[in-house]
Every structure is written in structure tokens, then in C-alpha cells.
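A short worksheet on the structure shown next.
Hydrogens, waters and symmetry mates play no part in the numbers below; they use all other heavy atoms, side chains included. Whatever order the structure lists them in is the order used to number ligands and atoms, beginning at 1. Please read all numbers here as calculations on a predicted model, not as lab measurements.
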Amino acid sequence: MAAPNGTNGTSNGHSRPLRFLIWGGDGWIAGHLKSLLQGQGKEVHATTVRTENREAVIQELARVEPTHVLNAAGCTGRPNVDWCEDNKEATVRSNVIGALNLADCCFRAGVHCSVFATGCIYQYDDAHPIGGRGYSEADEPNFRGSFYSETKGHVELIMKHYNNCLILRLRMPVSDDLHPRNFVTKITGYERVVDIPNSNTIFHDLLPAAILLAEHNEVGVYNFTNPGAISHNQVLHLFKEIVRPDFTFRNFSVEEQAKILKAGRSNCELDTTKLVAKLKEYGYDIPEVHDAYRRCFKRMVAAGVE
Ligand SMILES: NC(=O)c1ccc[n+]([C@@H]2O[C@H](COP(=O)([O-])OP(=O)(O)OC[C@H]3O[C@@H](n4cnc5c(N)ncnc54)[C@H](OP(=O)(O)O)[C@@H]3O)[C@@H](O)[C@H]2O)c1
């Protein structure tokens, strides 16, 4: 799907202005996408139509006539992904049936579909150890420790064959506020934390990149994180240094953590070579994750977040 920036090629050869439709309209990431697009002066609509309801999805696409769908709908579980272990059918309905249905309806309607997917489908192994080579987009998912991750890993293997889909693998997303879904809010609120390096997605840097890729009709799978990996302790030390000087925290081991969780959690580093190279084509750079955190925490302080 290639078309000039600002317009979208259509099957009859005409171009029309971009119109974004965000799915999962009431969600956290959806809210950020909507504000970002509005701030850029783009035409944006949001919907809460269930993705698995094929007739309703087709009707919504026909009603809004978007050039681009941003799929930020998904079952993430409340208070966390442990919920998915006990609600497997509902998790499949949203993360497998719904995600594929929306991709397919967009395909049939000639609409580009960006999917806010996850990189929590890998775990460190001998070939990808801590501090070693990160997982590339071509690596098969190898983390099935949670049902949430299992659904996401399976669906990506199918969805990547749709030539209208841009699959963006986010990990441990971080916003510039202390929203409850922010990874920093989560780990600063825990009694004890593990200390493992991971790839993280800082919204300030990555969400504008998502819009850039979508409006250029890029497709395929992208590891969608800041380059590099940062450990929990490094995040918390930076938080203490920049945001909250009296902050303290305690660690525990992965084995101890496993005792308080129903499902396992993915820990891995993603290789961002493909993403960085693609964004360079558009003159867009993403800061390395330690640098990105420093900037993020400084923005928090400047905005009065404590
Ligand atoms: N936050 C993270 O840590 C993270 C990391 C990587 C990837 N992601 C992915 O990014 C996407 C958005 O995450 P988020 O953090 O914004 O989660 P969120 O705040 O829970 O938002 C997800 C939204 O999707 C809606 N939804 C769920 N199933 C749906 C369905 N079948 N049809 C239509 N809407 C549906 C939910 O509505 P209801 O509550 O009414 O069901 C909710 O409003 C998810 O797919 C998630 O897996 C998130």
C-alpha cells in the first residue's frame, strides 16, 4: 500500500484526505492516539464497536469511511493479564477473533490497519541472552507463559500475511504522566520488583512514529520500542533522581515473583534495527531507552507530575 503523504491511494486511482478511525476508543493507548492526531490537526474518529462483531465492524467502516484504522482494542485483563488465565474465551474473542476480523474487514474495504500489538511474546534464551542479541521481527514467538501472550503470539503469525496491516509490537509502555497503566506507575507502586533489562515503549517518542508509518501506508511487523534495554532498577533510580527524591524500592527474584502471579511475565530485548532504519527514511530518530527515560522524567517534572 503505497501512497503520497497526506492522501491515500484508492482502488479507483483517486486520492482522498486521510481519515483515521481508532478502535478500542475508550482505552488508554486509544486516548493517546486520539489526542496526538487531534494535536496534528488530522481528522480522527474513535469507536467502541466490538471487533469480533463482523456485521457491526463492516457497518462502522462503511459509515466512517476511514483511510486508516488504528486498532488499539484488545483484552489486557484487569487488574492485569492474570485475568486472562481465568477468562480464556473472552480473551480469544478479543485478541484472536476480533483482531483478525478487524484486519480482514479493513482488507476487504481497502483500508490500512495499524495494530497496537505486543512484543511480550519472547523470553530471554541461550541464543538471546540478557545483554546479547535482541529478538528480530522474524523470530518465532517463544514465550507462552501467559494466555494473554499466547493469544498475541498466535494471532501475529496469521495477521502478518495481510498486506494492509502494520503490526507494531509495543512493550511496557510509558506515558509522560503517572496514569495507572503506565509501566512506571505500576513498578513504583509494587511492594517489590524484579530487576531485569527489558525493551520499553515511551509514547512521546513512539506514538508519533506510529502515525508517520501509518500515513505512509507502511505494512509488516515492527518491534516498536526505544532502542536498547533498561532494567527495572535503572528505571527506578532515574525516577528517584529526577522525579521523586524520597522514593525507595525493594527487589525480589523472578522465583519469588512467580509465587504472587498466576501467569508468567515476558522479559526480553527486541532488536529495533528495522524500525530505526525505516524511521530514518522519514528523518525521524528515536532516542535510546536510557536517554528517553531521562527526557520523559524531565517532562514529567516540568509538567508538575510528582
Ligand atoms: N498497556 C500495555 O502494557 C500494552 C503493552 C503492549 C501492547 N498493548 C496492547 O495495546 C492494545 C491497547 O492496550 P491499552 O493499554 O490501551 O488497553 P486498555 O486501556 O485496556 O484498552 C483496550 C480497549 O480495548 C477495548 N476492547 C477490548 N476487547 C475489545 C473488542 N473485542 N472489541 C472492541 N474493543 C475491545 C476495551 O474495552 P472493554 O474494557 O470494554 O473491553 C478497552 O477500551 C491492546 O491490544 C494491548 O494488548 C498494551
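Between H179 and F203, the gap from one ring centroid to the other reaches at least 6.0 Å.
Figure legend: K274 and Y222 shown as a cation-pi pair, the cationic atom lying under 6.0 angstrom from the six-membered ring centre and within 45 degrees of its axis. Taking the ring centre of F147 as origin, the terminal cationic atom of K88 falls inside the region bounded by 6.0 Å and 45° from the ring axis.
Checked by atom type and distance alone, the side chain of D271 never pairs as donor or acceptor with a backbone atom of Y135 at under 3.5 Å. Listed for the K42 side chain is no donor-acceptor partner under 3.5 Å among the backbone atoms of L37.
Listed as neighbours of ligand 1 are G24, D26, G27, W28, I29, V49, R50, T51, E52, A72, A73, G74, T76, R78, S94, F116, A117, T118, Y148, K152, L170, P173, R181, each bearing a heavy atom under 4.0 Å from the ligand.
At a cut-off of 3.5 Å, with distance as the only test, a side-chain donor of N200 or Y293 sits close to an acceptor on the other residue.
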